[in-house]
Protein chains: 2
Amino acid sequence: MPNGYNAPMEMLARKLDSVTRLADAERAALLNLPHTVRNLPARHDIARFSERPNQCCLVLQGWVTRYAALTDGDRQILSFYVAGDMPDLQSLHLHHMDHNLATLTAAVIAFIPHDELRPLLRRHPDLASALWRDTLIDAAHYRERITSLGRRQALGRVAHLFCELFLRQQAVGLTTGLSCPLAPKQSELADALGLTSVHLNRVLRTLRQRKLVALSGGVLTIEDWDALTAVAEFDPTFLHQRNNEPAVREAAVPA
Amino acid sequence: MPNGYNAPMEMLARKLDSVTRLADAERAALLNLPHTVRNLPARHDIARFSERPNQCCLVLQGWVTRYAALTDGDRQILSFYVAGDMPDLQSLHLHHMDHNLATLTAAVIAFIPHDELRPLLRRHPDLASALWRDTLIDAAHYRERITSLGRRQALGRVAHLFCELFLRQQAVGLTTGLSCPLAPKQSELADALGLTSVHLNRVLRTLRQRKLVALSGGVLTIEDWDALTAVAEFDPTFLHQRNNEPAVREAAVPA
DNA sequence: CGGTGCTTTGACATCGCTCAACGACGGTGG
DNA sequence: CCACCGTCGTTGAGCGATGTCAAAGCACCG
């Protein structure tokens, strides 16, 4: 398989390293994993409801979403994934898709066949644990989303999602200062937060007016981290990142 | 450790069997796992936010909830667990609790030290996979809850939760006919569904008036499965149960 | 320059929340 | 045995956050 992209498995190794410490043997095994790299256009389904995937995917570039489609045409976006994420690890053990996975933007994705991954994980229990942990962190994100949808008002929900997306991207080096990419459009943010795009738009206006964030051209800039986390009641514990005190803290108080 | 309760690990073996097929070696290993069985009163915290548990628990009897506590005193119930569930498997790999786990009713719980479980899972990759799968199903429940909170109205949310709780209990033999225990009070159902107990009460009235369910004395009786699933837009795929076409189907059409 | 898709805004409707009171029930102590 | 009390369920009236519908602005692109 052509390795058109630079070192996909190294990105995975780095990602897992940020989560558990990898031994050399595991790291080497990972780097040798056979895989295919594909360039996909925006809005391209990777796996659909009720399918039985036989490979896992690793996002190398771009954004991917997981979403449920309701009968009335509504959809609920369940999560966003960025570079370094493995959105369908679950397919290793859950044989039928209970939702859909699709690119949000044009994206570069590496595909790793289950048949390659499974024996590797069996030989390297620590690697299996690292991936298991990754899926558990995914679940932690879900829990936080449930809390948002269940008990936070629109303003808090949006603020909370922004905090989450910023910190997750910071962890993989996708931020510059207090700015980060924000690929989802307003209607997609709305679909993720259980809101209407109309109402989401009004909430964004409020966030801008209060000088908590700036948002334009697919770039989110945090203007007041402390105020934003306060509105969101944001506690980074659920991210289970190594150093939970974000580098933002200093950056948020510019000289 | 005293084995006051009959065969706790056998319940676990049976549960896992319902999910993956266990080989004899795994089954035997499971049955020998050291553990402690405790009787806990209702509303007793099992693990609190930010703690670092060193054991996993297995519900043998009663109900357990996972919940997030917000600063204003609100709480969001994230999930309900019944006999056979292992609510904090995640603590094996996620070291800090990002939420709370507590009994809802008086309950009998078996505790298995991480230090016993970890080496066992290392020796039996299939067992590890079975438990991994269990945590992935947990995540599937979260996803469905997100969809409910984000895109369903109150009536659909309640109906959906009832369908889920019925089928999950049916899978472990806790139902009789079309009835099953329903331990959570109205305020707890409301906390799980992002509603007020007042509004939940009104929704229950509607469900009763429409003859979809009957509800009293902690027992839920489904009176019209087809209508209930229709209101809920319920699709059992996300439960990832062995035989997804529920036995309810026949029972729902009494002679 | 005329689409086409996204954002923004306004007017109005509604679902679910808040506050407040009352009723049903079971436990407890006198 | 009964009065009392706490908890839970039920109901009403009014309000507020968010949805709905509709149209206009705006940027990018052929």
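- Heavy atoms of A:G194 sit under 4.0 angstrom from primed sugar atoms or phosphate atoms, though from no base atom.
- For the segment residues 152-165 of chain B, the set of residues with a heavy atom within less than 4.0 Å of an atom of DNA chain C comprises B:Q153, B:A154, in numerical order.
- Between A:N201 and C:dT7 there is no side-chain N or O to OP1 or OP2 distance below 4.0 Å.
- Among the atoms of the strands shown, none is found under 4.0 Å from any heavy atom of A:R151.
- A 4.5 Å side-chain heavy-atom check between A:L78 and A:Y67 finds every atom pair outside the cut-off.
- Look at B:R66 and B:D85 and you find no salt bridge, because none of the NZ, NE, NH1 or NH2 atoms lies under 4.0 Å from a carboxylate O.
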Using a cut-off of 4.0 Å between protein heavy atoms and nucleotide atoms, how would you tag nucleotides 25-30 of chain D 5' to 3' with B, S and -? ------

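- Of the candidate nucleotides D:dC8, C:dC6, C:dC17, C:dC6 has the atom lying nearest to any side-chain atom of A:R43.
- Separating the CD atom of B:Q186 from the C1' atom of D:dC8 is a distance of 8 Å, rounded to the nearest angstrom.
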For nucleotides 10-13 of chain C, tabulate all protein N/O to nucleotide N/O atom pairs closer than 3.5 Å, reporting atom names and distance.
{"residue": "C:dG10", "atom": "N7", "partner": "A:R202", "partner atom": "NH1", "Å": "3.3"}
{"residue": "C:dG10", "atom": "O6", "partner": "A:R202", "partner atom": "NH2", "Å": "3.4"}
{"residue": "C:dA11", "atom": "N6", "partner": "A:R202", "partner atom": "NH2", "Å": "3.1"}

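- The side chain of A:K185 approaches C:dC6 more closely than any other nucleotide in the set D:dT11, D:dG19, C:dC6.
- Among the atoms of the strands shown, none is found under 4.0 Å from any heavy atom of A:L204.
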